[in-house]
2 protein chains.
Amino acid sequence: MDRDKQTTSSTKQKILDAALDLIASFGYKGASVRKIAKAVGIRESAIYNHFKNKEEIFASIMQNLFVSPLDEFFTKKPPQIYAKRGKIYLLEFAMNIKILSFDSRHEKLFRIILVELMQNEKIRQIFLQKFFDEYIKHLSNAFFVMMQEGLIRSGDPLLMAQEFFAPLFYFRLHTLLLRMDDKSTTSLSTIFEKHVEFFWEGVAISS
Amino acid sequence: MDRDKQTTSSTKQKILDAALDLIASFGYKGASVRKIAKAVGIRESAIYNHFKNKEEIFASIMQNLFVSPLDEFFTKKPPQIYAKRGKIYLLEFAMNIKILSFDSRHEKLFRIILVELMQNEKIRQIFLQKFFDEYIKHLSNAFFVMMQEGLIRSGDPLLMAQEFFAPLFYFRLHTLLLRMDDKSTTSLSTIFEKHVEFFWEGVAISS
DNA sequence: TTTATATATTAACATATGTTCAGTTAATGT
DNA sequence: ACATTAACTGAACATATGTTAATATATAAA
């Protein structure tokens, strides 16, 4: 029987939390079982009561990487319906990314993706899928709608989506890198809004 | 005396070449001395005839990271003089990045930067300096000139520089990630040119 | 030819890592 | 009270790593 179901699950969670931190800092290889155990406050052998091996810890964390907070945005506000709002819609999307940039849990997940990007093909697939496929497709739909509504000048919606998204990605990365070394991010505090302004000026049809 | 100066330097170069490849693939930690030695065709202890330790190999490679091929562009074609050309100037800059994206030696250097980005503060500084400071400042000057010349609409040159550069960075990263898994990059073959077109449409003053 | 020296090899070291296993502890169900 | 069992500890293992020491080899200078 469970000696203490509470303790059990909390220890398992502690391991995951510690692993998340350590992998975000040192990568998969750098996050050793001993470091994780030490962070939790147990011996390394105790880890194996909760996970089959180190790989399983990583796999468990990986699941979180598949869940994208921006999926929620596109589900709640599908472009087909809400893109008519034009600039407002783009601003909302940009604000979502801005918020994520300063959310500490999501920052860790993003760091894990980046730290493993070049060495782990699976993570690379997730990265490509999210930042170069999914979001772009959704935004592409949005721009298509805006063209139909006569809000923006006509053109290739796919290109437009990339042009709109790329700076957001660039600013998000910039934010992360500055934060890693505890540098000031004040220069980026309004950049997301400014981007939407600039972009809209370039594509909007001033009627 | 040197038994064979030719052999000496070529072995040393072989070590650097092998290390470059291995670090680009597996990162600094993953590129073990034994792997490097094996790639060169000598025992690991022989490495220490050419380098004090592993750190020195890495340091030697790091020097290359400081040299940016785009510095040459801005030296040969300073914005103060050439930016008057407007769109042509932007296209030249974009083409430089495009060419680098498909240059195998530069790809390796870029991979090393990315693979160590999250774990090595020094590399992070180089990365920030190059992609978020230097290029942006140069481009910022260029846009300032274009505004003075009445080629583009007025606005914040710094913001404009970021808006212009971010997609180029985004496409460059996309190219690298696709190439890593031997995926097709045909969809990106003309994207750099298209970006310049799109951007120019958004800022140009049609006289 | 002899000598000196750069460069290589073989072997070993100290350490870090992932993992296993025998035994201990403490809470739970009977 | 007693047996059961999840969770933990301590110790060890096999392996990988960075590094060093003793030794061999081969080439250039004398």
Side-chain angles (χ1 to χ4, degrees), chain A residues 1-62 112 115-116 118-120 122-123, chain B residues 1-62 112 115-116 118-120 122-123:
Chain A
M1 336 304 165
D2 289 355
R3 164 171 54 162
D4 186 350
K5 192 72 186 180
Q6 218 70 16
T7 303
T8 298
S9 65
S10 92
T11 299
K12 185 162 187 170
Q13 192 55 49
K14 274 184 196 166
I15 293 171
L16 287 173
D17 290 343
L20 184 69
D21 278 353
L22 289 166
I23 295 174
S25 293
F26 307 112
Y28 178 71
K29 281 195 82 169
S32 69
V33 176
R34 280 176 176 77
K35 273 186 196 163
I36 295 171
K38 194 167 192 175
V40 175
I42 54 176
R43 304 294 157 200
E44 60 266 23
S45 52
I47 297 272
Y48 294 86
N49 286 317
H50 304 277
F51 296 93
K52 185 167 150 284
N53 50 29
K54 188 188 175 186
E55 181 62 31
E56 199 181 78
I57 301 177
F58 192 54
S60 182
I61 288 176
M62 282 269 283
I112 288 189
V115 85
E116 288 296 315
M118 306 300 286
Q119 314 212 41
N120 185 314
K122 197 176 258 173
I123 285 197
Chain B
M1 330 306 162
D2 290 353
R3 162 172 55 163
D4 185 350
K5 194 71 186 180
Q6 218 70 15
T7 303
T8 299
S9 65
S10 93
T11 298
K12 185 162 187 170
Q13 193 54 49
K14 274 184 197 166
I15 292 171
L16 287 173
D17 290 343
L20 184 69
D21 277 353
L22 289 166
I23 295 173
S25 294
F26 307 113
Y28 178 70
K29 282 196 83 169
S32 68
V33 176
R34 279 175 176 78
K35 273 186 197 164
I36 295 171
K38 193 166 193 175
V40 174
I42 54 176
R43 305 294 158 199
E44 60 267 24
S45 52
I47 297 273
Y48 294 87
N49 285 318
H50 305 276
F51 296 93
K52 185 167 152 284
N53 50 30
K54 188 188 176 186
E55 181 62 31
E56 200 181 77
I57 301 176
F58 192 53
S60 181
I61 288 176
M62 282 269 284
I112 288 189
V115 85
E116 287 296 314
M118 307 300 285
Q119 313 210 42
N120 185 315
K122 197 176 259 173
I123 286 198

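Here is how names work: the chains are called A, B, and so on, in the same order as the sequence lines, proteins then strands, and each is numbered from 1.
- When rounded to the nearest whole Å, the span between CZ of B:Phe51 and P of C:dA8 equals 12 Å.
- Atom CG in A:Asn49 sits roughly 13 Å away from atom C1' in C:dT25 (whole-Å rounding).
- Within residues 39-47 of chain A, the residues that place at least one heavy atom under 4.0 Å from DNA chain D are, in residue-number order, A:Ile42, A:Arg43, A:Ser45, A:Ala46.
- For the pair B:Ile57 and B:Ile47, the minimum side-chain heavy-atom distance is below 4.5 Å.
- When all heavy atoms of A:Glu56 and A:His50 are compared, the closest pair comes out as OE1-O, 4.1 Å.
- Fit an axis to the five pairs at each end of the helix from C:dT1-D:dA30 to C:dT30-D:dA1 and the two axes sit 0° apart, to the nearest 10 degrees.
- Note: A:Met62 CE to A:Ile112 CD1 = 10.0 Å, rounded to the nearest 0.5 Å.
- The shortest side-chain heavy-atom distance between A:Phe58 and A:Glu116 falls under the 4.5 Å cut-off.
- The stretch residues 17-34 of chain B touches DNA chain D through B:Ser32, B:Val33, B:Arg34, each having a heavy atom under 4.0 angstrom from the strand.
- Rounded to whole Å, atom P of C:dT10 lies 17 Å from atom OH of B:Tyr48.
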Would you be so kind as to tabulate the donor-acceptor pairs closer than 3.5 Å made by side chains of residues 15-31 of chain A, with sequence neighbours excluded?
from: A:Asp17; atom 1: OD1; to: A:Gln13; atom 2: NE2; distance (Å): 3.2
from: A:Asp21; atom 1: OD1; to: A:Lys108; atom 2: NZ; distance (Å): 2.8
from: A:Ser25; atom 1: OG; to: A:Asp21; atom 2: O; distance (Å): 3.2
from: A:Tyr28; atom 1: OH; to: A:Glu55; atom 2: OE1; distance (Å): 3.2

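- Distance A:Asn53 CG to C:dT19 C1': 9 Å, rounded to the nearest Å.
- In this structure, A:Lys54 atom NZ and D:dT15 atom C1' are separated by 14 Å, rounded to whole Å.
- Remark: P of C:dC21 and NZ of A:Lys52 are 14 Å apart, rounded to the nearest angstrom.
- The stretch residues 34-46 of chain B participates, sequence neighbours left out, in these salt bridge (Lys or Arg N to Asp or Glu O under 4.0 Å) pairs: B:Arg34-B:Glu44.
- B:Ala46 meets the side chain to side chain contact (heavy atoms under 4.5 Å, CB included) test with B:Ile42, B:Asn49; sequence neighbours excluded.
- Across the protein-nucleic acid pair, A:Lys12 atom NZ and D:dC8 atom P stand 12 Å apart, rounded to whole Å.
- Look at B:His50 and you won't find any side-chain N or O under 4.0 angstrom from OP1 or OP2 of C:dA6.
- Protein atom CD of A:Glu55 is 15 Å distant from nucleotide atom C1' of C:dT17, rounded to whole Å.
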